[in-house]
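Here's the structure, in structure tokens; my notes come after.
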Amino acid sequence: MSGKPKLTYPNGRGRMESIRWLLAAAGVEFEEEFLETREQYQKLIKDGALLFDQVPLVEIDGMKMVQTRAILSYIAAKYNLYGKDLKERAFIDMYVEGTADLMGMIITFVFTPPQERNLALIIERATTRYFPVYEKVLKQHGQEFLVGNRFSWADVQLLEAILMVEEKEPTVLSKFPVLQAFKARISNIPTIKKFLQPGSQRKPPPDDQYVATVMAIFKK
Ligand code: GSH
């Protein structure tokens with residue numbers, strides 16, 4: 001064993017991508033095993049590796065962790081990205097849930113039949129429900145990071161969400177100057193800068209091949 005966390009998931013973003021982001025932001029190296037076939041997935045189930053027969057699976061500190069939220073909270077707490085007290089933690093959780101809801105709309109987009117996809121709704125939610133909140137928080141306290149004047153999981157996930165929405169609508173931050181500055185600042189943190197460079201373990205937006213592989217593995 002290398003001692004590095006090992007991530008098991010298809011070779012694409014999905015629910016694993018925020019985990020990759022958080023580990024990378026914390027400066028933690030990780031290994032990946034990519035699920036390519038249904039047989040691989042069924043073997044994991046047969047071996048008892050998946051508590052609820054689902055991935056993401058992250059092997060870390062002797063545990064086989066499943067459930068995205070549980071995995072992310074564990075990593076955030078372990079690497080000091082989860083606030084200094086319960087109240088900061090509560091705010092980080094709220095901000096993270098907001099960006100998770102927004103990203104969830106984009107993650108499911110490619111798995112939705114084309115005639116039912118609603119990109120306009122995603123952009124509307126981003127610009128009227130989610131981004132105004134983060135813009136206001138940062139503007140009001142005037143600090144560099146969302147919570148406690150310290151880099152946290154909330155910052156990592158907000159940057160991930162911003163970049164994801166920008167892939168769909170490049171001008172989406174045009175009315176959010178504080179978020180534009182936030183994006184530039186957080187993108188420049190060395191661990192994140194490295195993750196944003198080509199060749200990192202960051203995954204590209206899903207393509208047809210990825211969608212077909214996921215459907216075949218999980219028989220959606
Ligand atoms: N609540 C779980 C989490 O957040 O990790 C949901 C995990 C989940 O739905 N995973 C999908 C899966 O394993 C792949 S992204 N689907 C197979 C199944 O549910 O049978």
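Atoms within each ligand, like the ligands themselves, are counted from 1 in listed order.
Each of the following atoms of ligand 1 lies closer than 4.0 Å to a heavy atom of Gln67: 1 (N), 2 (C), 3 (C), 4 (O), 5 (O). Of all atoms in ligand 1, numbered sequentially from 1 with element shown, those under 4.0 Å from a heavy atom of Tyr41 are 17 (C), 18 (C), 20 (O).
Polar contact check, Thr68 against ligand 1: a nitrogen or oxygen pair lies under 3.5 Å apart. Close N/O approach between Tyr9 and ligand 1 is not found [any backbone or side-chain N/O within under 3.5 Å]. Note: no N/O pair closer than 3.5 Å links Phe218 and ligand 1 by distance alone.
Within the 4.0 Å heavy-atom criterion, the part of Arg15 lying near ligand 1 is the side chain and not the backbone. Neither the backbone nor the side chain of Phe111 comes within 4.0 Å of ligand 1, counting heavy atoms alone.
Between the side chains of Ser18 and Glu160, at least one donor N or O lies within less than 3.5 Å of an accepting N or O.
With respect to Asp101 and Arg129, no salt bridge is recorded, no charged nitrogen being found less than 4.0 Å from a carboxylate O. The pair Lys43-Glu33 does not count as a salt bridge, with every side-chain nitrogen at least 4.0 angstrom from each carboxylate oxygen. Ion pair Lys4/Glu29 flagged as a salt bridge, since at least one NZ, NE, NH1 or NH2 atom sits closer than 4.0 Å to an Asp/Glu carboxylate oxygen. Ion pair Glu32/Lys203 flagged as a salt bridge, since at least one NZ, NE, NH1 or NH2 atom sits closer than 4.0 Å to an Asp/Glu carboxylate oxygen. Between Arg69 and Asp93, at least one side-chain N (NZ, or NE/NH1/NH2) sits under 4.0 Å from a carboxylate O, which counts as a salt bridge.
Distances from ligand 1 to the non-hydrogen atoms of Pro56 include at least one value under 4.0 Å. Every heavy atom of Phe52 sits 4.0 Å or more from the atoms of ligand 1.
The backbone N or O of Thr8 sits nowhere less than 3.5 Å from a side-chain atom of Glu59 that would complete a donor-acceptor pair.
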